[in-house]
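For the numbers below, each heavy atom of this structure counts, side chains included, while hydrogens, waters and symmetry mates do not.
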Amino acid sequence: MKVAVGITGASGAIYAERLLRRLLDERAAGRVEQVAVVFTSNGRAVAEFERPEFLSWLAQRIAAGEAVEFRNDDFFTPVASGSAGYDALVVVPCSMGAVGRIAGGVADDLIARAADVMLKERSPMRRRTLILCPRETPLSLIHLRNLTAVCEAGGIVLPAMPSFYTQPQTLDEAVDTVVLRILSLLGLAPEGYRGWQE
């Protein structure tokens with residue numbers, strides 16, 4: 001499985017960090033072939049503000065060849081083409097601007113183009129998955145209509161809303177309730193993952 005992670009300028013860089021840490025664990029275990037990362041300029045700025053240690057950790061992983069980073073303005077990359085064989089794109093955190101561009105089919109940057117590829121390349125023979133994790137509140141009618149359009153086109157909207165039935169004790173554990181749902185939708189739920197249990 002090849003997975004791309006798009007990181008936009010919404011608050012919540014910790015969600016991207018926790019997801020990438022898990023995906024690189026999956027890569028080390030041989031369950032993920034490649035992990036690609038794409039930042040918007042605002043996404044990088046927000047990550048630098050909220051989680052500067054995340055960016056230094058990620059730079060080390062990229063330098064070690066564990067992940068690859070593509071520029072958001074570079075359309076000559078594998079994630080821009082359906083024939084490159086990426087299986088999933090997760091946009092986390094996903095700004096409402098990114099949602100609007102994806103919903104409208106305005107592929108004016110690499111993240112929007114990669115989302116367009118995920119939606120257009122779906123077939124019974126090969127599953128392509130687009131997951132958007134919006135981190136915004138409250139939602140306007142425009143936001144809701146754009147999110148509906150993404151769902152109608154075959155994307156998955158997974159808001160960055162932690163759950164609490166597992167009684168998380170730390171911020172990382174609360175964030176991981178969202179990250180584990182993402183992994184579950186990708187077919188990568190770790191052993192021992194607990195969803196709702198009566």
Side-chain angles (χ1 to χ4, degrees), residues 1-10 12-95 98 101-102 107-122 126-133 135 155-156 158 160 175-176 178-180 182-190:
M1 170 178 270
K2 295 181 180 179
V3 182
V5 177
I7 302 170
T8 73
I14 190 172
Y15 289 101
E17 177 184 356
R18 298 295 294 176
L19 176 62
L20 284 166
R21 287 182 183 275
R22 294 274 188 163
L23 286 173
L24 291 184
D25 287 346
E26 294 295 314
R27 183 183 177 278
R31 289 185 288 271
V32 171
E33 179 184 347
Q34 187 170 45
V35 177
V37 183
V38 184
F39 281 92
T40 65
S41 57
N42 285 336
R44 186 174 292 282
V46 170
E48 180 66 43
F49 178 76
E50 294 181 349
R51 308 284 292 182
E53 67 281 2
F54 162 45
L55 292 182
S56 58
W57 170 83
L58 182 57
Q60 292 171 5
R61 302 287 75 76
I62 291 168
E66 298 171 26
V68 61
E69 182 177 358
F70 299 125
R71 292 194 337 263
N72 197 36
D73 63 351
D74 185 0
F75 285 75
F76 292 91
T77 65
V79 295
S81 173
S83 62
Y86 269 81
D87 301 283
L89 169 66
V90 182
V91 185
V92 58
C94 188
S95 69
R101 286 188 293 281
I102 292 166
D108 60 349
D109 65 15
L110 184 58
I111 292 175
R113 171 57 187 169
D116 198 36
V117 167
M118 290 297 121
L119 295 175
K120 78 181 184 69
E121 295 288 332
R122 294 177 305 120
R126 181 164 187 167
R127 183 180 74 140
R128 302 290 177 104
T129 303
L130 171 65
I131 300 174
L132 305 186
C133 299
R135 225 296 311 140
I156 297 169
L158 194 161
V175 167
D176 281 350
V178 174
V179 170
L180 290 170
I182 295 169
L183 293 172
S184 178
L185 288 169
L186 295 176
L188 295 170

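Between D109 and R101 there is a side-chain heavy-atom pair separated by less than 4.5 Å. Between L55 and E48 there is a side-chain heavy-atom pair separated by less than 4.5 Å. Between I102 and L132 the shortest side-chain heavy-atom distance falls below 4.5 Å. Taking 4.5 Å as the limit, every side-chain heavy atom of V90 sits out of range of all side-chain heavy atoms of L185. V117 has its side chain out of reach of V79: every pair of non-hydrogen atoms, C-beta onward, lies at least 4.5 Å apart.
Here the closest non-hydrogen pair linking R18 and V179 is CB-CG2, 3.8 Å. Taking all atoms of both residues into account, the shortest heavy-atom contact from A10 to P93 is O-CG, 3.3 Å. Here the shortest heavy-atom pairing between A189 and S184 reads CB-CA, 3.9 Å. V38 and R71 get closest at one heavy-atom pair: CG1-C, 4.4 Å. What you find for A36 and F70 is that their closest heavy atoms are CB-CE1, 3.6 Å. For the pair Y86 and P78, the tightest heavy-atom approach, listed with the atom from each and the gap, is CE1-CB, 3.8 Å.
Under the side chain to side chain contact (heavy atoms under 4.5 Å, CB included) test applied with L188, the options L23, D25, L180, I182 reduce to a single match, L23.
Contact check on E17 versus R21 returns a salt bridge, with a Lys/Arg side-chain nitrogen under 4.0 Å from an Asp/Glu carboxylate oxygen. Electrostatic pairing of R113 and D116 counts as a salt bridge here, judged by a charged N lying under 4.0 Å from a carboxylate O.
For the atom pair CG (L20) and OH (Y15), the distance works out to 15.0 Å, reported to the nearest 0.5 Å. Taking OG1 from T40 and CG from N72, the interatomic distance works out to 6.5 Å, rounded to the nearest 0.5 Å. Rounded to the nearest 0.5 angstrom, I7 CD1 and E69 CD are separated by 8.0 Å. In this structure, CZ in F76 is found 11.5 Å from CG in D73, a value given to the nearest 0.5 Å. The CG atom of L186 lies 13.0 Å from the CZ atom of R22; values are rounded to the nearest 0.5 Å.
The main-chain N or O of G43 is never found under 3.5 Å from a side-chain atom of T8 such that the two would form a donor-acceptor pair. A donor-acceptor distance shorter than 3.5 angstrom exists from the side chain of R122 to the backbone of L119, with no hydrogens or angles considered. With R128 contributing its side chain and G82 its backbone, the two residues share a donor-acceptor pair below 3.5 Å. Judged by distance alone, with hydrogens and angles left aside, the side-chain atoms of D74 form no donor-acceptor pair with the main-chain N or O of L110 at under 3.5 Å. With hydrogens and angles disregarded, a donor-acceptor distance shorter than 3.5 Å links the side chain of D87 to the backbone of K2.
Taking the six-membered ring where the residue is Trp, F39 and F54 present tilted rings, their angle falling between 30° and 60°.
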